[in-house]
2 protein chains.
Amino acid sequence: MASPEPVAPPRRSRGAPALPATSVVFPGDERTAAALISAAVEVMAVHGYHGTSVRDIAAAAGVSPAVLYHHFASKQGLLATVLDRGMDVLVRATEEALYAAPDDPAARLEAIVGVHVRVHLESQRESLLGNSELRALEAGALALVVARRDTQQRMFDRVVRDGCARGVFTTPHPDDASRMITSACTAVAAWYRPGGPLTGDEIVARYQRVALDTVGYAPVGEPASGSSAQRFGGAGGER
Amino acid sequence: MASPEPVAPPRRSRGAPALPATSVVFPGDERTAAALISAAVEVMAVHGYHGTSVRDIAAAAGVSPAVLYHHFASKQGLLATVLDRGMDVLVRATEEALYAAPDDPAARLEAIVGVHVRVHLESQRESLLGNSELRALEAGALALVVARRDTQQRMFDRVVRDGCARGVFTTPHPDDASRMITSACTAVAAWYRPGGPLTGDEIVARYQRVALDTVGYAPVGEPASGSSAQRFGGAGGER
DNA sequence: CCGGGGGTTGAACGATCGTTCGGCACAGGG
DNA sequence: CCCTGTGCCGAACGATCGTTCAACCCCCGG
């Protein structure tokens, strides 16, 4: 690999290693640490943790392999940082969406489904990593990430159960429907390709809509004849 | 790792390496090849392809590392065999279920959801491998497996679209609902633990039920008041 | 001007990786 | 009886792995 660059000498002007900007890079991070995190997400999402070497990550970040150990305890520590931050971003975004949503089961479900799908669309590589490389985490870091994942699932469970208790959702299996929704939304990161026929907004809207069907959404006050389809889709040409 | 065995000398009585019996082990397989396949599924499902060494697989199969190369071209070839067979089992089972099902969208959807969930429950490790280690496959073998996966998805798409065309399913987004269903059913392999509170049959039944809600199942002939819930659940105490 | 220190480097460590190879054990046909 | 072939083994190959280390560069306070 590492082919010679045809133009522009590899001279690095010091302290500007590579392109940052990922959802797991936080504003307070040092430049090189941010570049390493970003590079790790990029490369590990493709080849996996064990399929990616420290040299691969360092090369993608534009630094020497040894630099990694000045910013992280180990390759494992870098993975732990990425996964922990990724789950943190997801949970926080979901919490905020839930907090801002009105006291209505359908609106709440739409809110958290929207956030969940959007995060998995926009932070696709981080999500992919978080879903496939948990097994590469050592016990301590794994417990932290799993705890956050449970928190995320619990938020969905609560919304669906509440909707059922109020009679707005009619599914006889709230917890299973809830898990099926999160599973389906999480899987978006596995198939979505940025150049596809649907925009992110369209995908989000569709998943929100189908998720409401999944929980058996039946608006209160109206017994609703036929199906619940009429209550939806005021605007927009569906296809 | 290779700790000395305290009792029972490692003497092998030739030609009886280890315990076989996995869904990707076929009847015509030689004993040692079967043991290697079975061991590969077991170990790789836990640590991933790159996280598993040839020595790990050989040890789990009770043979020497060199034996692997008498039955497979390489470690990569062994993975290709496992994944290819796994997808083949899934697609064939779904095809047969579809063939045996009556000409009714709801019954067909129940049939293929049932098979899909059951395969992912009973062949959990193979499924886990197939969902997370496609990236470790080289181009040729990958194309084969991806083609089979597309076939599987197409069967779901066709059933859902047909149900919509007949007015039995009311979802405005058949393809998205279809993909959400397969995603959710596939994810079963990621969370199911054999000792859990629900039996496999119960999980299958619940997923069938929720899947029908997901596509907006509204039985024909009856405009159905309230929700579709009444049409279901004749027997069995739901919870 | 000088001195110090954090960030970076190339080189090297032992360990383990996938793979190969020569030879051994043993069943079956002459 | 021997001879052949098949399946298995231990040992070893070079490559690459994660990690360490001493030296270096360059910015910054004095």
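In this structure, A:Arg55 places its CZ atom 13 Å from P of C:dA12, rounding to the nearest Å. Between A:Lys75 atom NZ and D:dG18 atom C1' there is a gap of 8 Å when expressed in whole angstrom units. Rounded to whole Å, the distance from NE2 on A:His50 to C1' on D:dC17 is 12 Å. Atom CZ of A:Phe72 and atom P of C:dT8 are 12 Å apart (whole Å). A:Met44 has its CE atom 13 Å from the C1' atom of D:dC17, to the nearest Å. In this entry the distance linking CD1 of A:Ile57 with P of D:dG18 reads 8 Å, nearest Å. Distance CZ (A:Arg31) to P (C:dT8): 11 Å, rounded to an integer number of Å. Here C:dG7 presents its C1' atom at 12 Å from CG of A:Leu36, a figure rounded to the nearest Å.
Between B:His71 and D:dC8, a side-chain N or O to OP1/OP2 separation shorter than 4.0 Å is present. For B:His70, no side-chain nitrogen or oxygen approaches OP1 or OP2 of C:dT20 to under 4.0 Å. In this model, the phosphate group of D:dC8 is approached by a side-chain N or O of B:Thr32 to a distance below 4.0 Å at OP1 or OP2.
With respect to the salt-bridge test (charged N to carboxylate O, under 4.0 angstrom), the residues A:Arg118 and A:Asp201 qualify. By the 4.0 Å N-to-carboxylate-O rule, A:Asp162 lies too far from A:Arg158 to be salt-bridged with it.
Rounding to the nearest 0.5 angstrom, the gap separating the CE atom in B:Met180 from the OG atom in A:Ser183 is 10.0 Å.
Candidate nucleotides D:dG18, D:dG7, C:dC17 were compared by shortest atom distance to the side chain of B:Ser53, and C:dC17 ranks first. Between D:dT19, C:dG7, C:dG10, one nucleotide has an atom nearer to the side chain of A:Ser64 than all others, and that is C:dG10. Closest contact between the side chain of A:Val54 and the listed nucleotides C:dT8, D:dG18, C:dT19 involves D:dG18.
Side-chain contact annotation: B:Gln152 with B:Thr94, donor-acceptor N/O pair under 3.5 Å present.
A:Trp191 and A:Tyr207 have parallel rings, their planes meeting at less than 30° on a 0 to 90° scale where 60° marks the start of perpendicular.
Counting non-hydrogen atoms under 4.0 angstrom, B:Gln76 reaches nothing in the nucleic acid.
Nearer the 5' end of DNA chain D, as judged by each residue's closest nucleotide, is the contact made by A:Asp56, out of A:Asp56 and A:Ala73.
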